[in-house]
Amino acid sequence: PLPLQLLKNGIKHPLNIEMKGGDMYNGYLKSCDDWMNVHLIDVTLTTADGDRFFKMKECFIRGNTVKCIRLPDVVLAVAEEAQQKLKKNKRGKKRPRDEDDSKKK
């Protein structure tokens, strides 16, 4: 699955975000957008040096400041199931162009 689809399937799941500056955010994904900006709730921020911790009710992280996102394995399984369902649904449907081509013959 594509990274954005993985992230969207991770909504309501815990995740760990490592920032380019070294800070770590641990929390639950509430929402995300197409630029991978994320909204987290019940967040714990660990500073880059690991000496300080901060608890936050929620925070918003801009996607271009993120170095790495870690999601639980369950999210990958959910994303794979969703992708298989999508492929299965596409196989049974004819495209409108195909129907027009069959009328011409």
Side-chain angles (χ1 to χ4, degrees):
L2 297 173
L4 187 57
Q5 286 297 22
L6 266 176
L7 192 57
K8 288 183 178 184
N9 282 302
I11 291 175
K12 296 185 181 177
H13 290 277
L15 73 141
N16 179 298
I17 298 178
E18 182 178 350
M19 307 299 288
K20 290 179 181 177
D23 292 344
M24 299 283 282
Y25 288 83
N26 295 299
Y28 289 86
L29 182 61
K30 185 168 183 180
S31 64
C32 64
D33 64 16
D34 292 342
W35 294 275
M36 291 189 151
N37 299 321
V38 296
H39 181 191
L40 300 177
I41 55 174
D42 297 328
V43 183
T44 303
L45 165 63
T46 307
T47 57
D49 56 15
D51 291 339
R52 293 180 288 163
F53 300 89
F54 301 95
K55 287 285 275 179
M56 294 177 268
K57 185 177 178 181
E58 63 182 336
C59 73
F60 183 83
I61 299 174
R62 189 172 166 149
N64 69 345
T65 62
V66 174
K67 178 179 178 182
C68 178
I69 298 176
R70 293 179 190 89
L71 295 161
D73 292 337
V74 173
V75 174
L76 180 59
V78 169
E80 287 175 345
E81 284 178 22
Q83 190 175 27
Q84 287 175 356
K85 273 186 183 178
L86 187 64
K87 283 182 181 179
K88 192 180 241 185
N89 289 340
K90 283 185 177 181
R91 282 187 210 147
K93 294 181 181 178
K94 280 189 171 182
R95 297 182 310 186
R97 188 180 71 207
D98 292 341
E99 291 173 4
D100 291 341
D101 290 342
S102 62
K103 290 178 185 176
K104 291 178 183 178
K105 291 181 181 178

Worksheet item: Are L71 and Y28 joined in one hydrophobic group, where the rule is that I, L, V, M, F, W and Y side chains link up if heavy atoms are under 4.5 Å apart?
Response: no

Worksheet item: Linking I/L/V/M/F/W/Y whenever their side-chain heavy atoms sit closer than 4.5 Å, directly or via other members, would V66 and I41 fall into one cluster?
Response: no

Discussion item. Could you measure the distance from the OG1 atom of T47 to the CZ atom of F53? Nearest 0.5 Å is fine.
Written reply: 7.0 Å

Worksheet item: Could you give the distance from CE (M19) to CD1 (I69), rounded to the nearest 0.5 Å?
Response: 9.5 Å

Discussion item. Taking the side chain as everything from C-beta on, heavy atoms only, tell me whether V43 gets closer than 4.5 Å to E58.
Written reply: no

Practice prompt. Determine whether more than 12 heavy atoms belonging to other residues, nucleotides or ligands lie under 6.0 Å from atom CG of D73.
Written response: no

Worksheet item: CZ/R62 to CG/N37 distance, rounded to the nearest 0.5 angstrom?
Response: 7.0 Å

Response to the item:
Rounded to the nearest 0.5 Å, the CG atom of N26 sits from the CG atom of N16 at a distance of 4.5 Å

Item to complete: Identify whether M24 and I17 are in the same connected component of the hydrophobic contact network (ILVMFWY, side-chain heavy atoms under 4.5 Å).
Response: no

Practice prompt. Go through L4 and M36 one step at a time and tell me if the side-chain contact (heavy atoms from CB on, under 4.5 Å) criterion holds.
Written response: CA-CA 7 Å; L4 187 57; M36 291 189 151; 4.1 Å; yes

Practice prompt. Would you mind checking if D34 and K8 are paired as a salt bridge, meaning a charged N to carboxylate O distance below 4.0 Å?
Written response: yes

Worksheet item: Roughly how far, to the nearest 0.5 Å, is the NE2 atom of H39 from the CG atom of D33?
Response: 12.0 Å

Worksheet item: Given the rule that I, L, V, M, F, W and Y join up when any side-chain heavy atoms are under 4.5 Å apart, are V78 and L6 in one cluster?
Response: no

Worksheet entry | Heavy-atom closest contact (A48 atom, G21 atom, distance) | CB-O, 3.5 Å

Worksheet item: Of all heavy-atom pairs between S31 and I11, which one has the smallest distance, and what is that distance?
Response: CA-CD1, 4.3 Å

Item to complete: Considering non-hydrogen atoms only, spot the tightest contact between C32 and V38 and give its length.
Response: CB-CG1, 4.1 Å

Worksheet item: After noting the C-alpha distance and the side-chain angles of M56 and L40, does the key distance pass the side-chain contact (heavy atoms from CB on, under 4.5 Å) rule?
Response: CA-CA 9 Å; M56 294 177 268; L40 300 177; over 6 Å; no

Discussion item. Tell me the closest heavy-atom pair linking P14 and P72, and the distance in Å.
Written reply: O-CD, 3.0 Å

